[in-house]
Protein chains: 2
Amino acid sequence: MADINWTAKTAVAPGLSERPAGAADRAGEGHAPISDIIELLFFAYRDFVGDPDEVLSKLGFGRAHHRVLHFVTRNPGMKVADLLDILNITKQSLARVLKQLVDEDYVLQKEGAQDRRQRLLYATPKGEALSRKLDALQTERITRAFAELGPGAHDAARRFLTAMIDADNRDGVLRLIARADRAAKRE
Amino acid sequence: MADINWTAKTAVAPGLSERPAGAADRAGEGHAPISDIIELLFFAYRDFVGDPDEVLSKLGFGRAHHRVLHFVTRNPGMKVADLLDILNITKQSLARVLKQLVDEDYVLQKEGAQDRRQRLLYATPKGEALSRKLDALQTERITRAFAELGPGAHDAARRFLTAMIDADNRDGVLRLIARADRAAKRE
DNA sequence: CAATTTATGTCAGCCATGTTGACATATTTT
DNA sequence: AAAATATGTCAACATGGCTGACATAAATTG
């Protein structure tokens, strides 16, 4: 990850680059514009997905594999159609990465008990281990952030992120998360 | 955008899909695990970048064009090298989208005054207009979220997102944002 | 001044992951 | 028996990352 050294010894803002940033810049006159959130979200997300990417690339996998593995591990026995809805991609796109995960024994598919057309998805122990490893990297970042920010940060972050989701998707997402949390607790 | 109907009439959690979600699920015994943030971030970011994507595709552009146009508009006169550092991509990747933006008169390049090797980047009026339009979509989502959440939400979100950025990048990012904000205010 | 470094551009090709369209197969539903 | 559903698959294409190699002009340095 390269760092940002936008030193700007240009026509625009010459000599400003050595000024310290931080609270002083935000506390000034007026409130900061909303666009700070646009950019912070870009940078935060970039770093957030960057950690797992390094591990994945060593295995010949990419972000797409991570997403599939994550949701399958969190929701054992989910249908292919459910995964497609969550990821919001076509079945052909999913097929490519899913096939690799199945072939390399990270995920397995079981015929549905009630409906034998279904291929229910489960993470193998190998898959669970990788999923845990990848999630641990992201969890570490989040935990560090919350530790810095003090109590209430988790709740604030959750509410902010929830409010950023399309209104008609929010309930589905919360339901998904709640169910997976309950299932995880029962183990 | 498809919605999520993870109905789960499967072996795992039969019949749970009709339960309402929300506060009740979170307020229960113990605190929710961190993984909710992982998933909320995924869904929030997906929707967040989804809005501009629709507009962009009509113009034959993609997300990459948006990013370039956004940062160039916010930081007029920036060097190509600075943009590369911000986006964290190779110059070859940048060249592809930048060339299109220049060819179609959204961005222009001026020779640097002090250093004539530099090609300083500026958005044209056409480019600024598109940038504003795209940013407006994202701003709308953010503003709606903050309105729902009440006062303090903006600050909480900013602090959370900042804390999620790699520590060694944070100052650079904050500096970048602060400078662009000041420049925008002077206009 | 000559040599080197720097800022940028460019060609060529590869890879990951999205897309559309068409079609196949097994199973369930009507 | 017919239709709908869940899933898989083939083929082709687009976007936007990547690497490696090389080119040019301008600035910097010995």
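Here is how names work: the chains are called A, B, and so on, in the same order as the sequence lines, proteins then strands, and each is numbered from 1. Reckoned from all heavy atoms, side chains included, excluding hydrogens, waters and symmetry mates.
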If I take atom CD in residue B/Glu111 and atom P in nucleotide C/dT8, what distance separates them, rounded to the nearest angstrom?
12 Å
Would you call the rings of B/Phe61 and B/Tyr106 parallel, tilted or perpendicular, taking 30° and 60° as the class edges?
perpendicular
Atom CG of B/Leu83 to atom P of D/dG17: distance rounded to whole Å?
11 Å
Closest non-hydrogen atom pair, A/His65 against A/Leu101
O-CD1, 3.9 Å
Atom CG of B/Leu56 and atom C1' of D/dA14 are separated, to the nearest Å, by 15 Å
Whether the side chain of A/Arg117 and the base of D/dT7 hold a donor-acceptor pair under 3.5 Å is what I'd like checked.
no
By nearest heavy atom, map A/Leu98 and B/Leu94 onto DNA chain D; which one lands nearer the 5' end?
A/Leu98
I'd like to know whether the aromatic ring centres of A/Phe48 and B/Tyr45 sit less than 6.0 Å apart in this structure.
no
Scan residues 101-110 of chain A against DNA chain D and write down, sorted by residue number, each residue with any heavy atom closer than 4.0 Å; if none is found, say none.
A/Gln109
Whole-Å distance, A/Met78 CE to D/dT7 P, equals 11 Å
Are there over 12 heavy-atom neighbours, none belonging to B/Lys126, within less than 6.0 Å of that residue's NZ?
yes
Which heavy-atom pair separates A/Gly62 from A/Leu56 by the least distance, and what is that distance?
O-CD1, 3.5 Å
Between B/Glu39 and A/Arg74, is there a salt bridge with N-O shorter than 4.0 Å?
yes
Using a 4.0 Å heavy-atom cut-off, write out nucleotides 10-17 of chain C from 5' to 3' as B (base contacted by protein), S (sugar-phosphate only) or - (no contact).
BB-----B
In whole Å, I'd like the distance from the CG atom of B/Leu121 to the P atom of C/dA7.
14 Å
Nearest-angstrom distance from the residue atom CG of A/Asp115 to P of D/dT5
12 Å
Going by an N to O cut-off under 4.0 Å, is there a salt bridge joining B/Glu148 and A/Arg170?
yes
Between C1' of C/dT6 and CZ of B/Arg116, the distance in whole Å
15 Å
Run the salt-bridge test on A/Asp155 and A/Arg158 with the 4.0 Å N-O cut-off and return the result as yes or no.
yes
For D/dC18 and B/Thr90 - does any side-chain N or O of the residue sit under 4.0 Å from the phosphate oxygens OP1/OP2?
yes
Nearest whole angstrom, please: distance from the P of D/dG8 to the NZ of A/Lys79.
13 Å
Residue set satisfying side chain to side chain donor-acceptor pair (under 3.5 Å) with B/Asp115, at least two apart, ordered chain then number -> B/Arg117
